[in-house]
Amino acid sequence: MKDANAFYIGGEWVAPTGASTIEVLNPSTEEPVATVALGTAEDVDRAVRAARAAFESYSQTSVSERVQLLERIVEVYQSRSQDIATTLMAEMGAPAGLASTAQVGAGLGQFTFAIDALKNFQFEEQRGSTQVRYESIGVCGLITPWNWPPLLIAAKVAPALAAGCTMVLKPSELAPLNAVIIAEILHEAGVPAGVFNLVHGDGPTVGSALTSHPDVDMVSFTGSTRAGVEVARSAAPTVKRVAQELGGKSANIMLDDADFASVIPRDMGDVCANSGQSCNAGARWLVPESKLEEVLAHARSAAEAIVVGHPEQEGVQIGPLVSQAAYDKVQRLIRAAVDAGATVVAGGPGRPAGLDVGYFVRPTILANVTNDMEIAQEEIFGPVITVTTYSDVDDAIRLANDTVYGLAGFVSSADLERARAVARRLRTGMVHVNGAGLDFAGAFGGYKQSGNGREYSDFGLREFLETKSVFGYA
Ligand code: NAD
């Protein structure tokens with residue numbers, strides 16, 4: 001396994017200015033797999049200067065040059081797929097199946113969709129006598145979490161490259177190794193020196209040096225709402241644009257005409273995929289009062305059928321949580337919910353049988369959950385589902401919207417139009433109807449405290465562009 005002990009600045013791997021490092025732990029074994037250097041504000045400054053030096057020339061490249069560059073990145077990325085998957089298994093415990101398909105594929109999809117968006121985008125339009133131009137915003141600071149590393153890094157790097165921007169990436173210090181592979185891919189694909197730079201480190205030091213840097217024009221941040229607030233505060237004095245992709249607490253409204261026998265195992269699998277560590281996980285189930293017993297019976301058997309284990313083992317569906325801190329938080333939330341009156345339908349506190357080492361948790365269903373409980377309001381980020389009943393559709397929509405978050409909603413129904421009518425009333429940036437599937441042609445992002453940015457396709461591209469009006473008459 002690689003280490004993350006060097007930074008990629010100005011087209012080459014350079015030594016950090018400081019000497020601090022931390023270990024990257026394999027969450028299945030709790031053993032160190034690598035070390036990561038913690039950068040300093042000086043490292044960030046060096047990377048920003050490299051990005052600034054590259055900006056003028058890179059931002060002037062033609063659309064076809066940038067399309068060719070992205071196509072070359074796609075080829076090199078594909079050749080590194082196995083390496084990406086193996087690294088995901090080690091640094092965040094993703095099961096082999098998920099790592100090599102959904103995780104690797106999602107990163108690749110961001111590059112391919114960025115190519116389409118770039119080919120189709122109108123960078124200049126005439127409005128009467130005014131020319132409106134969309135220009136590269138400049139030097140971008142990109143900050144990402146650890147839960148879907150190739151996807152979340154590519155969702156920023158691909159549109160930023162497409163837009164003609166230069167950038168400094170600070171990936172999560174918990175899972176930094178995929179970012180090293182992405183840097184190698186970009187290097188091999190011929191991304192010009194200084195266009196992409198990588199500095200590892202923690203949020204308060206490296207993250208905030210980037211967000212507050214006077215020569216960074218824009219910050220694209222994905223992470224928790226708590227850190228997003230810090231990012232906005234730190235970026236405010238320099239009035240830079242901040243695109244935020246933050247936490248969620250997504251409700252899944254099951255309408256009374258849903259076929260629960262098939263809906264429940266599907267939705268259970270969707271929530272538990274990636275060990276429940278997805279920002280849009282529909283883990284807050286809202287169920288008609290009249291269907292509660294039926295839902296709980298299916299949910300119990302679906303939860304008990306999920307195979308938890310080591311990422312490389314055949315048939316394993318969910319691996320561990322990412323860290324001891326994540327494990328402790330999920331255990332605390334489950335216990336607090338039970339103390340507050342929730343009942344355990346499946347799973348519960350403690351470890352799955354036979355998994356005494358690693359941050360494994362039991363797929364858990366909690367019933368008798370009311371919306372005022374902490375478990376119904378806090379993002380859990382684990383394979384834990386809460387079940388709350390509703391009296392009628394208005395009540396379900398009220399409960400779904402009763403959260404500070406607004407990332408995603410889910411609706412299950414046998415009637416697509418009925419589900420879409422509910423979708424229109426949800427205060428969320430996305431609604432998944434009948435399953436968690438999504439399409440990179442749509443926009444990914446949230447309302448309320450789930451953020452203000454939009455990623456994927458031309459929506460992602462627009463985040464990295466400024467709008468200029470050229471007024472004038474012949
Ligand atoms: P986190 O907020 O702890 O960290 C995310 C990144 O921000 C890391 O790189 C971290 O080092 C950095 N950071 C932390 N404090 C910072 C600061 N003060 N200034 C600058 N950078 C700082 O989140 P996490 O635990 O890595 O990820 C899980 C969270 O991310 C969840 O809340 C999840 O919902 C959210 N998430 C959102 C989306 C989305 O698209 N909306 C996608 C994935 C994850």
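Numbers here simply count residues along the sequence, with the first being 1. Because the structure is a prediction, the values reported are computed rather than measured. Note that ligands are numbered from 1 as they come in the structure, with each ligand's atoms numbered from 1 the same way.
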Between the side chains of [X] and [Y], is a donor N or O closer than 3.5 angstrom to an acceptor N or O?
X	Y	answer
Thr17	Asp43	yes
Ser412	Arg266	yes
Ser457	Asp116	no
Thr211	Ser234	yes

Can you tell me if [atom1] on [X] sees more than 12 non-hydrogen neighbours from other groups inside 6.0 Å?
X	atom1	result
Glu466	CD	yes
Arg80	CZ	yes
His187	NE2	no

So, [X] and [Y], do they make that salt bridge, N to O below 4.0 Å?
X	Y	result
Arg226	Glu379	no
Lys249	Asp402	no
Lys156	Glu463	no

Residue, atom name and distance, where the atom is the protein heavy atom closest to [atom]:
atom	answer
atom 41 (N) of ligand 1	Leu246 O, 2.8 Å
atom 39 (C) of ligand 1	Cys279 SG, 3.4 Å
atom 27 (O) of ligand 1	Pro145 CB, 3.2 Å
atom 25 (O) of ligand 1	Trp146 NE1, 3.1 Å
atom 28 (C) of ligand 1	Phe381 CE2, 3.7 Å
atom 4 (O) of ligand 1	Gly223 CA, 4.6 Å
atom 12 (C) of ligand 1	Ile143 CG2, 3.7 Å

task: Say whether Glu379, considering both its backbone and side-chain N or O atoms, lies within less than 3.5 Å of an N or O atom on ligand 1.
output: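 Yes - when backbone and side-chain N and O of Glu379 are compared with those of ligand 1, one distance drops under 3.5 Å.
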
Which ligand 1 atoms are under 4.0 Å away from a heavy-atom of [X]?
X	value
Glu245	37 (C), 38 (C), 39 (C), 40 (O), 41 (N)
Ser224	1 (P), 2 (O), 23 (O), 29 (C), 30 (O), 32 (O)
Ala227	2 (O), 14 (C), 15 (N)
Leu152	42 (C), 43 (C)
Arg226	3 (O)
Glu173	10 (C), 11 (O)
Asn147	43 (C), 44 (C)
Phe221	6 (C), 7 (O)

Does [X] come within less than 4.0 Å of ligand 1, judged by its heavy atoms?
X	value
Ser172	yes
Pro171	yes
Phe444	yes

query: Hey, is atom 9 (O) of ligand 1 touched by any protein heavy atom at less than 4.0 Å?
result: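 True for atom 9 (O) of ligand 1.
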
query: Phe381 vs Trp146 aromatic rings, parallel, tilted or perpendicular, using cut-offs 30° and 60°?
result: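 Perpendicular, since the angle between the ring planes exceeds 60°.
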
field: Mutual orientation of the aromatic rings belonging to Trp13 and Tyr8 [parallel < 30°, tilted 30-60°, perpendicular > 60°]
entry: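 The rings of Trp13 and Tyr8 sit tilted, inter-plane angle from 30° to 60°.
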
- request: Run down the list Ala179, Gly203, Ala408, Ser234 and name the one with the heavy atom closest to atom 16 (C) of ligand 1.
  value: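 Shortest heavy-atom distance from atom 16 (C) of ligand 1: Gly203.
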
- request: Under the side-chain contact (heavy atoms from CB on, under 4.5 Å) rule, collect the residues that match up with Ala106, sequence neighbours excluded.
  value: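 Residues passing side-chain contact (heavy atoms from CB on, under 4.5 Å) with Ala106: Leu151, Phe440.
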
Location of contacts on [X] toward ligand 1, heavy atoms closer than 4.0 Å:
X	result
Thr222	both
Val231	side chain
Trp148	neither
Thr144	backbone
Glu230	side chain

- prompt: Measuring from Met373:CE to Asp339:CG, what's the distance to the nearest 0.5 Å?
  reply: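 Separation between the atoms: 10.5 Å.
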
- prompt: Are Arg398 and Tyr390 in a cation-pi contact, defined as NZ or CZ under 6.0 Å from the six-membered ring centre and within 45° of the axis?
  reply: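 Checked: cation-pi criterion not met.
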
